[in-house]
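What follows is one structure encoded as structure tokens, with my remarks underneath.
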Amino acid sequence: MIRITFPDGTVREYQKGVSSYEVAMSISPRLAAEVYAATVNGELRDIARPLDTDSTLRLHKWDDPEAKHAFWHSSAHLMAEALESLWPGIKFGIGPAIENGFYYDVDPGEGKVITDADLPVIEARMKDLAARNSQIVRTEVSKKEALELFTAKGDEYKTELISELEDGTITLYRQGNFTDLCRGPHLPDTSAIKAIKILSLAGAYWRGDEKRRMLTRIYGITFPKQKMLDEYMVMLEEARKRDHRRIGRELELFSFSHKVGMGLPLWLPKGADLKQRLIDFMTRVLKKRGYTMVSTPHIGSVDLYKTSGHYEKYGADSFRPITTPQEGEVFMLKPMNCPHHCEIYNATPHSYKELPIRMAEFGTVYRYEQSGELHGLTRVRSFTQDDAHHFCRPDQLKDEFKSIIDLVQYIFKIAGFSEFTAQISLRDPQNHEKYIGSDENWEKAEKAIIEAAGEKNLTTTIAIGEAAFYGPKLDFMVRDAIGRKWQLGTIQVDYNLPERFELTYMGNDNQKHQPVMIHRAIFGSMERFVAVLIENTSGKFPIWLTPDQAVMLPISEKFNEYAKTILNLLNNSDIRTLIDDRNEKIGKKIRDNELKRIPYLLVIGEKEAESGTISVRRQGEGDKGVMKPEEFIRLVRDEIGREIDV
RNA sequence: GCCUCCUUAGCUCAGUGGUAGAGCAGCUCACUCGUAAUGAGCAGGUCGUGGGUUCAACUCCCAUGGGAGGCUCCA
């Protein structure tokens, strides 16, 4: 007998060799039917695997990520089995479970193409195969056996993977006629996979390397119940409606023009207004926090970027240099503001007493992004950073860093980004040539970031090898409508530019010292921030920020005049108000302005005109009753006060 | 840049080897209206661009621009 300890501390005895599934059955068959994976002594396992020793056991139901992972991983294998039966000889790369569903990278073979039209076919075959309730069987094999198996099959991608694995750790999973190299864990059989949707196709380079072959990546998702899949598809559809490109067009915020060029956003009046309001707000916040504003040109001499090291690192991937009629003059479109700011620092001498200097600019920069990379406002070739550089003494570094974390948290709170992630990006210790600067400075900078994040109680993930070439960084990421993560805020420590630009300050010892530089952006870029804000709010911006706060809706043309007097009153009271005096019925006006997401719709008819009132309707909420214009002004001001005073 | 798909009116989309339609938006007129679409009429497209096949191409083929989803990259 072996003793199994459950998460709640209870202990039960079982026959040696009992499976996690059987344990679940012994508790309740209903539980067993919903368990897809188990953590045994801290190790995630198939529920079909036998338990041989006294163990702690956690059973994972659907709501646990571990369960979904096993479910979707098995689904990936099921899809692979379907693909192999449809395209004999197809070769397989990797097929993992992902956050929502799974994919498999495949090579259908020379001259064969999988297209969108094949997706329903794959789906149907998967359903057939799933219905056979094939057992999913785990076997441990030697490296030699594994290599022989996949060499015989001609699966060169798998053999490449196997050749990098350690002997004795290799496992295979087989269901039906399909065998895959896999660590697991998996479902005991395919019967639980009831609802299947093959979502999309994409190209993906083998092992993410663009010099290697491009495989076909097939994305899918599965659920134990059809209803869950239906709900998921509805959720996806809802998310698509929040796409900032769609809302940006509907609300007339921004546009792109083929003639102007791809990736070059055009801010329409309402969007420009919104963007400017964000800039004004941020400027007020920065001034309170001891920043000074600076302004620099959109181009800079190529020497500037040679000094900074950017030219060497990125010159080939940038917009081409600009040359002048005068020979020998070469300029670059500004891809970042830091070198300019370094030269502003150098324009005047500095004492240790002045530091930290916090220099901010809403600087528009230009970066050549590959055409396939461009995406709405989140990935563009021209964008405005809310950029700033802190020049500080080494002893001030950590406090400066912490103050910026504070600022990020403050701004994200006002923007309503409650769910953001913070990532500390360090250099790859295996690959020092990717970075510039001394080991000593890197270690100091990395230590400062980790400590500062720790002292601010920030939950962080650490990404090795993701640092900028000049220093480590802390990035803040927010999700868009369909769950993609976008980096907004970033804080980066840099000992290298101060050295390259020979930045100095006079210390209390009457000696020159080198300041430390912190690069930081809070919004990241105005473009990306607005995009993420649109998707997080569905275009229902907070009232302090929204382009139009209220719209007057006269019930008929008879009341246009009264509506206009109120319009003037509101606008003079700094409430951004429009009038919809079209010759339309009130129902139509309400519908149109609701769709424009204007927060307050003010209906004006005979009653209001007689009593000197307005009838207030809140967007998305309905009629709020009649009030005096002064009351409404107070209402809006209070609301703005609550939004900004966080 | 690469893979798959898409590209028809301002927007959303039909459509056929015989040079095009709908809804919404726009404009005009009538109605003067009470909380999510009043009615009628008008106007709007060399079917992304350039080649080719054909008696004839929006439709088939090639190239190219642009877009979508990914891959890669993101100072």
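So that the names make sense, note that chain A is the first sequence line, chain B the second, and so on, each numbered from 1.
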Residue met sooner reading RNA chain B from 5', once A:Ser200 and A:Glu557 are mapped to nucleotides: A:Glu557
Sugar-phosphate only, base, or nothing, as touched by A:Lys473 at under 4.0 Å among non-hydrogen atoms: sugar-phosphate
C1' atom, B:C73 versus B:C2: distance in rounded Å? 13 Å
Base, sugar-phosphate, or nothing: which does A:Tyr219 touch, judged by heavy atoms less than 4.0 Å apart? sugar-phosphate
Using a heavy-atom cut-off of under 4.0 Å over every strand shown, decide if A:Arg379 touches base, sugar-phosphate, or nothing. base
Would you sketch RNA chain B in dot-bracket for me? Only Watson-Crick or G-U wobble pairs with both distances under 3.5 Å count, crossing pairs as [ ], other-strand pairs as |, the rest as dots. (((((((..((((....[..)))).(((((.......))))).....(((((..]....))))))))))))....
What does A:Gly605 touch in the nucleic acid at a heavy-atom separation under 4.0 angstrom: a base, only the sugar-phosphate, or nothing? base
Under a 3.5 Å distance rule, please check whether A:Asp548 uses its side chain to pair with a backbone N or O of A:Leu578 as donor and acceptor. no
Do A:Arg617 side-chain and B:A36 base share a donor-acceptor contact under 3.5 Å? yes
Backbone of A:Gly620 reached by a side-chain donor or acceptor of A:Glu594 within 3.5 Å: yes
Name the nucleic acid region contacted by A:Glu312, choosing base, sugar-phosphate or nothing; use a 4.0 angstrom heavy-atom cut-off, strictly under. nothing
Can you tabulate the close N/O pairs, meaning under 3.5 Å, that link protein atoms to atoms of nucleotides 43-45 of chain B?
none

Select base, sugar-phosphate, or nothing to describe what A:Lys589 touches, counting heavy atoms under 4.0 Å on all strands. nothing
Identify whether any heavy atom of A:Tyr470 sits under 4.0 Å from a base atom; if not, whether one sits that close to sugar-phosphate; answer base, sugar-phosphate or nothing. sugar-phosphate
Donor-acceptor pair, distance only, cut-off 3.5 Å: does the side chain of A:Asp155 make one with the backbone of A:Tyr157? no
Which of B:G34, B:U12, B:C71 is nearest the side chain of A:Ile586? It is B:G34
Go through A:Met517 and A:His519 one step at a time and tell me if the side-chain contact (heavy atoms from CB on, under 4.5 Å) criterion holds. CA-CA 7 Å; A:Met517 194 172 168; A:His519 308 245; 3.9 Å; yes
Within the modelled atom types, does a donor on one side and an acceptor on the other bring the side chain of A:Glu369 and the base of B:G1 under 3.5 Å apart? no
For A:Arg618, salt bridge (Lys or Arg N to Asp or Glu O under 4.0 Å) partners two or more places apart: A:Glu639
Checking the side chain of A:Arg528 only, and the main-chain atoms of A:Thr378 only, is there a donor and an acceptor separated by less than 3.5 Å? yes
Does A:Glu606 reach a base, just sugar-phosphate, or nothing at all? Heavy atoms under 4.0 Å. base
How does each nucleotide of nucleotides 24-30 of chain B score, in 5' to 3' order, for protein heavy atoms under 4.0 Å: base (B), sugar-phosphate only (S), or none (-)? -S-----
Please list, by residue number, the residues of residues 516-532 of chain A whose heavy atoms come closer than 4.0 Å to an atom of RNA chain B; answer none if no residue qualifies. none
Go through it in stages, so that I can follow the logic: the residues are A:Glu606 and A:Lys558, the test is salt bridge (charged side-chain N to carboxylate O under 4.0 Å, His left out), and I'd like the CA-CA distance, side-chain angles, deciding distance and then a yes or no. CA-CA 9 Å; A:Glu606 193 173 357; A:Lys558 285 193 289 190; over 6 Å; no
Answer with base, sugar-phosphate or nothing: what part of the nucleic acid does A:Ser308 contact at a heavy-atom distance below 4.0 Å? nothing
Pick the P atom in B:U16 and in B:C6, then give their distance to the nearest Å. 15 Å
Test of understanding: with side-chain contact (heavy atoms from CB on, under 4.5 Å), list the residues that count as partners of A:Thr460, not counting sequence neighbours. A:Ala422, A:Ile424, A:Ala453, A:Leu458, A:Leu474
Applying side-chain contact (heavy atoms from CB on, under 4.5 Å), name anything that partners A:Val113, two or more places apart in sequence or on another chain. A:Thr115
What is the nucleic acid contact for A:Arg213, judged by heavy atoms within less than 4.0 Å: base, sugar-phosphate only, or nothing? nothing
I'd like to know whether A:Glu160 forms a salt bridge (charged side-chain N to carboxylate O under 4.0 Å, His left out) with A:Arg212, so could you lay out the CA-CA distance, the side-chain angles of the two residues, the decisive distance to 0.1 Å, and finally the verdict. CA-CA 13 Å; A:Glu160 180 178 329; A:Arg212 306 196 66 177; 2.8 Å; yes
Rounded distance in Å between the C1' positions of B:G44 and B:U28: 15 Å
Short side-chain N/O contact from A:His375 to OP1 or OP2 of B:G67, under 4.0 Å: no
Determine whether the side chains of A:Asn441 and A:Asn496 contain a donor N or O and an acceptor N or O closer than 3.5 Å. no
Please tell me which of the listed nucleotides, B:U35, B:C33, B:C74, lies nearest to the side chain of A:Ser556? B:C33
Between B:G45 and B:U4 - P atom distance, rounded Å: 36 Å
Which of B:C11, B:A36, B:G34 is nearest the side chain of A:Arg591? It is B:A36
Between protein and nucleotides 2-10 of chain B, map the contacts as a letter string: B base, S sugar-phosphate only, - none, heavy atoms under 4.0 Å, written 5' to 3'. BBSS-----
Residue pairs, two or more places apart or on separate chains, that pass salt bridge (charged side-chain N to carboxylate O under 4.0 Å, His left out) and touch residues 91-100 of chain A: A:Lys91-A:Glu156, A:Glu99-A:Arg479
Figure out the CG/C1' separation between A:Leu251 and B:C11, and round it to whole Å. 14 Å
Parallel, tilted or perpendicular: which describes the rings of A:Tyr104 and A:Phe92, with under 30° parallel and over 60° perpendicular? perpendicular
Work out how far the C1' atom of B:U8 is from that of B:A14, and round it to whole angstrom. 10 Å
Sequence neighbours excluded - salt bridge (charged side-chain N to carboxylate O under 4.0 Å, His left out) pairs with any residue from residues 360-372 of chain A: A:Lys334-A:Glu361, A:Glu369-A:Arg379
Under the ring-ring contact (aromatic ring centres under 6.0 Å, His included) rule, collect the residues that match up with A:Tyr219, sequence neighbours excluded. A:Tyr103
Quick check for you: among B:G69, B:A75, B:A36, whose closest atom lies nearest to any side-chain atom of A:Arg245? B:G69
If I pick the P atom on B:C60 and the same atom on B:C47, what distance separates them, to the nearest angstrom? 15 Å
Sequence neighbours excluded, which residues qualify as salt bridge (Lys or Arg N to Asp or Glu O under 4.0 Å) partners of A:Lys624? A:Glu621
C1'-based separation of B:U32 from B:A25 [nearest Å]: 23 Å
For the pair A:Arg246 and A:Glu250, evaluate salt bridge (charged side-chain N to carboxylate O under 4.0 Å, His left out) and give the outcome as yes or no after the intermediate values. CA-CA 6 Å; A:Arg246 174 188 178 127; A:Glu250 284 170 4; 3.4 Å; yes
Under 4.0 Å between a side-chain nitrogen and a carboxylate oxygen: does that hold for A:Lys628 and A:Glu608? no
For A:Ser538, does its backbone N or O pair with a side-chain atom of A:Arg597 as donor and acceptor, under 3.5 Å? yes
B:G50 versus B:U72 - spacing of their C1' atoms, nearest Å: 31 Å
